[in-house]
Amino acid sequence: MSDMLRLIENEVQLAALAFLGLVYIVRLIWIFRFASRKERTFAAGSQGAGIRRSLANIAMPWAMESTRKDPWLYAQFVVFHLGVAAAIAATFIIPYAPHVFEIRAVVLLFQAVIGAAFLAGVLRLVRRLVNPVLRLISSADDYVSLVLMILFFAAGFLAVPNDIDRAEWPLIAFFGLTAFFLVYVPFSKISHYLYYPFTRFYLGRTLGHRGAIPQGTRPMSPGKDNERTSRPKGDPR
Amino acid sequence: MAGGRLQTYDPAGDNVRRFLELLAGRLTRPLTVSLTACVHCGLCAESCHYFLARPDDPTMTPVWKADQIRKVFKRHIDWTGRILPWWVKAGSVHDDEDLNRLKNIVFGSCSACRRCTYNCPMGVDTGLLVRFTRGLLTELGVVPEGVFNVSRDQWETGNQMAVSEQDYLETLEWMRDEVRAELGDDKVDIPIDRPDCDILYTINPREIKFDPRPIAQAAKIFHVAGESWTLPRWGWDQTNFGLFSGDDRLGAWVARNVYEAAERLRAKRIVISECGHGYRSTRWEGYTWAGFDQRVPTESVVVTLKRHLDQGRISVDPSRNAEGVTFHDSCNIARSGDLVEEPRDVLRRVCSDFREMTPNRRENYCCTGGGGLLSMAEYRPLRLEVAKIKAEQLRATGAKYVCTMCHNCIDGLNDVIKHYKLPMKVVQVLELVSKALVLPEKGGRG
Amino acid sequence: MPFIEIEGRRIEINEEGFLARPEEWTEETARLLAKAEEGLDDLTESHWAVVKFIRDYYLEKNLAPMVRKMCQATGFTLTQIYDLFPSGPAKGACKVAGLPKPDGCV
């Protein structure tokens, strides 16, 4: 193994990861500096149930008309993000648990997942370039982030065999991209996973409190009296 | 009383700077994350009746509309856009013309129905962003004339139609006399400011000014049910233009009037007549705007009617409403509130041919007049054009009546029905219950 | 400016279908508006009683009258007003009387 590969697999990754962690901490402090309002009304539902339902929305394609009507798009979403998970896992397996990729079946599995994600990424790029709505709203960040992910999948696909005797360049490309990602991601739309718990939490809290979600599980306002209504809960802040 | 609190547009003012200051000062955490989280996936597009009706116009999508405020946020508040604006499509507002353009988007091409919110995989609340932006513009007086006029009336008179106290009281007396004549019972009353009642009944000024029939229907049913109720002399307007204009201070003031009326009269419960935005404002948002901790149950009159039916305090004959009835869920009640099954439960008991429209409940389409659009004449042509989605949905039910528990939806749906020549009539739950009501034998409860 | 064309005449209306220039109202306009907007082929004496009251009230106070005042002045019950003008007092009768659209949730 060349010194360059060793460096890029280890020190560079850790430095980039530390940078990402640091920026995210500042980012979270920034988010928490914005106030959230206190709920003052009697509940008609449950904040907790609403939050849980809202967070689980990602795994419930039947719950939204938008994903129900277009399961193909939802399938692409799943494949794409499984690929992301597999590629990120590979960035840790290769330097810290290389024996895992000595098992041929594991390598093939990772290649299948990352390869499928590559195809999903290409489809998503085509959609973004062809659909007039997406063309109008897309920014450079939207395109570049997606193209980078597609390249990342391609590099990951080639890197997971971890066969440095044949060629080191796929690994250098893969880890080079990873390091770049770790630095770029906090400033890009790719950080949406950091915001997902927040948007989902607040939406779920409000709509859960009002009994608007989860749908179909809230008992009807009882005919007699709504003593069932609980006192407003304190802000969970 | 509250004059001077409504901002008028000052063409010489530094409106752009004020706009940016307000934007920075009013951001809350839910807003901030809704502004940062959008990934431009475009899934919201087809949840919006504006885009469904104009599929070739990407500016009709919720994401594009939200991006018009999002780009300003990115340019001035968020990180990357402040350094590399073009990279993330960040941009600012430069002059009053830009503010005016923004006004036409957030007031004119969105009914704030929140259907896209429910269809966003990321949980971005575009409905919330639209109301927030409206509020910034309202603060600068950059608002549609209709919204301005109604807000002014509500500030100045405590009700959105500038009904005087005398007119209010006389109309209630008139309705009382009508119900007395109808039932042949002089004990029927529409009490004003009676303390210690079970119910404080609050209404929409439209019921006083143009259509007081729902007041008579409620009075009749309450009388038969032996309800202890009153209307307040002040604080009777449950509607709230603060919801539409995004002005939390107006919202707080109007809602507080209702809450304080209930305190003053020691009412055990606030009941809101059939009104979507009034229900959302008084039951949910108002307490937050006013910083007022809820103390008494606050409910829609439909829930009150359901209770009367459940407890056997009124009996009904569904054969009196024999023709097909479908139900239109109000956005503000179904998506931003809690009542979905309750009105259906009542309708199934008072109608013999109840049928759902598709989609329904929380996926229903807006009546197209929501978000205050009925009071904004300048946006009517677009509103009626995109109403074709609603018209098709209504037509497919084949029902003779479309029932809704919202005054705003009545007028919105009436416009759709007239414009698209649908053979339908709009009714409310009170009207159907009143029609089905079986009057007790004379000498019974009185 | 949108308009309606009826019996070969052209009436300019605003976006809400109300008369563009309320001051230009004539009895002929009322008849045409009633036909085009309310589907009323003929205005009876009862219609005219309501329309004229609204018109006079508006000219005097620059305001649409409350429905109670319409009933008091004309002697009609609320139901009769709705029978006469299917779109109701605001969007029906006031429109025929050439008033601008009333403010608020109507």
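Computed from heavy atoms alone, side chains included, the values below leave out hydrogens, waters and symmetry copies. Just so we're on the same page: letters track the sequence lines, and every chain starts at 1.
- Using a 30° and 60° split on the angle between ring planes, A/Phe34 and A/Trp30 fall in the perpendicular class, above 60°.
- The residue from B/Arg344, B/Arg335, B/Arg114 that alone fulfils the salt bridge (Lys or Arg N to Asp or Glu O under 4.0 Å) condition with B/Asp329 is B/Arg344.
- In this structure, chain A has a heavy atom under 4.5 Å from the side chain of B/Thr61, while its backbone stays farther away.
- Counting heavy-atom pairs closer than 4.5 Å to chain B, the top-ranked of the candidates A/Tyr74, A/Tyr143, A/Tyr195, A/Phe198 is A/Tyr195.
- Remark: B/Asp78 does not engage B/Lys71 in a salt bridge, criterion side-chain N to carboxylate O under 4.0 Å.
- Taking chain B as the reference chain and counting heavy-atom pairs below 4.5 Å, the highest number among A/Ser145, A/Gly204, A/Pro186, A/Ser138 is found for A/Ser138.
- In this view, A/Glu65 and A/Lys69, B/Arg115 satisfy the salt bridge (Lys or Arg N to Asp or Glu O under 4.0 Å) rule, not counting sequence neighbours.
- Here A/Leu203 is the residue among A/Ile58, A/Asn131, A/Leu203 with the most heavy-atom pairs under 4.5 Å with chain B.
- Here A/Phe152 and A/Phe181 bring their ring centres to under 6.0 angstrom of each other.
- Among A/Asp142, A/Asn57, A/Ile190, the residue with the largest count of heavy-atom pairs under 4.5 Å with chain B is A/Asp142.
- Interface remark: A/Arg33 contributes no atoms to any contact with chain B (heavy atom separation under 4.5 Å).
- Of the two parts of A/Arg135, only the backbone, made up of N, CA, C and O, holds a non-hydrogen atom closer than 4.5 Å to a non-hydrogen atom of chain B.
- Of the atoms belonging to B/Arg70, not a single heavy atom falls under 4.5 Å from chain A.
- A salt bridge does not link B/Lys306 to B/Glu299: none of the charged side-chain nitrogens sits closer than 4.0 Å to a carboxylate oxygen.
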